> 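This is the structure I have questions about; it appears just below.
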2 protein chains.
Amino acid sequence: MIKKQVKTRNTIQRIKIMKYLKSVKTHPTAEMVYNAVVKEIPSITLATVYRNLHNLANKGKILMFEFNKEYHFDGDTCNHQHCICKKCGKITDVFQEEISKYALSKLRADNFDAKCVTIIFNGFCRKCSGV
Amino acid sequence: MIKKQVKTRNTIQRIKIMKYLKSVKTHPTAEMVYNAVVKEIPSITLATVYRNLHNLANKGKILMFEFNKEYHFDGDTCNHQHCICKKCGKITDVFQEEISKYALSKLRADNFDAKCVTIIFNGFCRKCSGV
DNA sequence: ACTTTAATGATAATGATTATTAATTAGTAA
DNA sequence: TTACTAATTAATAATCATTATCATTAAAGT
């Protein structure tokens, strides 16, 4: 059960991508990340952005979730939750760790070793709830 | 705020799709639903399956969520949770309504009108946790 | 400086989902 | 029963986010 540690390299591409995600409070898609980073590294390609985002997510350095057939990335790996508006798709953060903690502590699933919980509130944002 | 009620029709395609989802405890993709239903209605197409699945999900008659770039459907709309194995992708059900109830009741989000919660436990199933 | 191999850039390929459109058909009313 | 209307279908093409391929480049250790 010894997992061979593939050593990673801190390329400027990866560093810039990471830095961008940390600087932002949104939940950008790969393309949005690309649009931001390409300003600093004109030669970077979308494929490289995807590669690095997956790499970072696998290492647990960023979060990744799917919505509307797109991956969204989050530089904040602290235990938080999301609200997604069913109408406009806007994603906002909720920082209530007790909700995740409760879920994990109450889970009774003998055949499953839960590492973390994804909690998404589905509903309507202020702007869309009156429609 | 009067939403025009588009009247739907109970086509045999829709009925068979619904019946299949109710008969199963898995979380099939559109293609899996197609493979099952095409045995009874050989002329049905994948596009029709997609159309109906979206239709049923929009009406709240089935649940729908994304995983591994695919939509998964669930004929059970009761408040339950899911466990997804990070390794093999297996999805299993958890029926602990109190977890969802707690999350919804504790949520403090002034600008968001939450209708329901999606709770997904990420980890490893028995078979994969020993690897 | 030299070596190793992870990572990149360029590009093609993949594959789930959606759009289009003419033909059907469920549901309703005559 | 028959006719009517619009929802739905089957067939098919198109979309587009993501992934694969591969020759080249460049981190990071020696």
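Just so we're on the same page: letters track the sequence lines, and every chain starts at 1. In this text, all values refer to a predicted model and were calculated from it rather than measured experimentally.
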> Write down the distance between CD (B:Glu70) and C1' (D:dC16), rounded to a whole number of angstrom.
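For the pair B:Glu70 CD and D:dC16 C1', the rounded distance is 16 Å.
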> D:dT8 P sits how many Å from B:Leu53 CG, rounded?
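Taking CG of B:Leu53 and P of D:dT8, I get 14 Å after rounding.
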> Give a yes/no answer on whether the side chain of B:His54 brings an N or O atom under 4.0 Å of OP1 or OP2 in C:dT18.
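True: B:His54 side-chain N/O within range (under 4.0 Å) of C:dT18 OP1/OP2.
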> Would one find a side-chain N or O of A:Lys69 under 4.0 angstrom from OP1 or OP2 of C:dT17?
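So the side chain of A:Lys69 is within the cut-off, an N or O lying under 4.0 Å from OP1 or OP2 of C:dT17.
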> Taking the side chain as every heavy atom from C-beta outward, state whether B:Val49 and B:Gln13 have any pair of such atoms under 4.5 Å apart.
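With C-beta onward as the side chain, the pair stays apart.
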> Output the rounded distance in Å from CD1 (A:Ile15) to P (C:dT8).
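Rounded to the whole Å, the gap is 10 Å.
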> For side chain to side chain contact (heavy atoms under 4.5 Å, CB included), just list the numbers for A:Val94 and B:Leu107, CA-CA rounded to whole Å, side-chain angles, deciding distance to a tenth of an Å, and then say yes or no.
CA-CA 8 Å; A:Val94 176; B:Leu107 176 66; 3.8 Å; yes
> Would one find a side-chain N or O of A:Tyr50 under 4.0 angstrom from OP1 or OP2 of D:dT19?
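No, outside the criterion.
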> Could you go over nucleotides 26-30 of chain D and give all protein N or O partners under 3.5 Å, atom names and distances?
from	atom 1	to	atom 2	distance (Å)
D:dA27	N3	A:Arg9	NH1	3.3
D:dA28	OP1	A:Asn10	N	2.9

> Return the value, rounded to whole Å, for the distance between atom CZ of B:Arg14 and atom C1' of D:dT8.
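To the nearest whole Å, that distance equals 7 Å.
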> Any side-chain donor-acceptor pair under 3.5 Å between A:Asn55 and A:Thr8?
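Short answer, no.
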> Do the side-chain N or O atoms of B:Arg51 get closer than 4.0 angstrom to the phosphate oxygens (OP1, OP2) of C:dT18?
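No.
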> Return the value, rounded to whole Å, for the distance between atom CZ of B:Phe67 and atom P of D:dA17.
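About 21 Å, once rounded to whole Å.
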> Quick one: A:Met32 CE to D:dC16 P, roughly how many Å, whole number?
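Those two atoms, CE and P, are 16 Å apart.
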> Looking at every non-hydrogen atom in both residues, tell me the closest pair between A:Val117 and A:Ser100 and how far apart they are.
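Looking at all heavy atoms of both residues, the shortest contact is CG2-O, 3.7 Å.
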> Got a sec? Which of residues 34-47 of chain B come in under 4.0 Å of DNA chain D, heavy atoms?
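Listed by number, they are B:Ser43, B:Ile44, B:Thr45, B:Ala47.
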> Can you tell me if the side-chain N/O atoms of A:Asn68 get under 4.0 Å from OP1 or OP2 in D:dA17?
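It does not, given that no N or O in the side chain of A:Asn68 lies less than 4.0 Å from OP1 or OP2 of D:dA17.
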> Below 4.5 Å, heavy atoms only, C-beta onward: do B:Ile17 and B:Val33 meet side chain to side chain?
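The answer is yes, as the side chains (C-beta and beyond) meet within the 4.5 Å cut-off.
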> Picking from C:dA7, C:dT8, D:dA10, which would you name as closest to the side chain of A:Asn55?
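Nearest to the side chain of A:Asn55 among the choices is C:dA7.
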> Check this one for me: any side-chain N or O of A:Gln13 less than 4.0 Å away from OP1 or OP2 of C:dG9?
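For C:dG9, OP1/OP2 do have a side-chain N/O of A:Gln13 under 4.0 Å.
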> Expressed as a whole number of angstroms, how long is the span from B:Lys16:NZ to D:dT8:P?
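So the two atoms are 19 Å apart, to the nearest Å.
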> Which heavy atom in A:Phe112 sits nearest to a heavy atom in B:Gly123, and how many Å separate them?
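Closest heavy-atom pair between A:Phe112 and B:Gly123: CZ-N, 3.3 Å.
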> Mind listing the closest non-hydrogen atom pair of A:Pro28 and A:Leu21 along with its distance?
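Looking at all heavy atoms of both residues, the shortest contact is CG-CD2, 3.6 Å.
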> Tell me: CG of A:Leu56 to C1' of C:dA7, nearest whole Å?
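Interatomic distance, CG of A:Leu56 to C1' of C:dA7: 13 Å.
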> Against the six-membered ring of A:Tyr71, is B:Lys69 placed for a cation-pi contact (under 6.0 Å from the centre, within 45° of the normal)?
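Judged by the rule (NZ or CZ under 6.0 Å from the ring centre, within 45° of its axis), B:Lys69 counts as positioned above A:Tyr71.
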> Should A:Lys115 and A:Asp113 be marked as a salt bridge (charged side-chain N to carboxylate O under 4.0 Å, His left out) after you check the CA-CA gap, both sets of side-chain angles, and the distance that decides it?
CA-CA 6 Å; A:Lys115 295 297 185 191; A:Asp113 178 21; 3.3 Å; yes
> Does the side chain of B:Gln96 reach to within under 4.5 Å of the side chain of B:Gln81, using non-hydrogen atoms?
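The answer is yes; the side chains approach within 4.5 Å.
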> So, is the end of the A:Lys39 side chain (NZ or CZ) under 6.0 Å from the ring centre of A:Tyr34 and within 45° of the ring's axis?
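No.
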> Taking N or O atoms only and anything under 3.5 Å, show me the protein contacts with nucleotides 2-4 of chain D, one pair per line.
none

> Do A:Ile84 and A:Lys90 have side chains that get closer than 4.5 Å, going by heavy atoms?
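Side chain of A:Ile84 against side chain of A:Lys90, heavy atoms only: no contact under 4.5 Å found.
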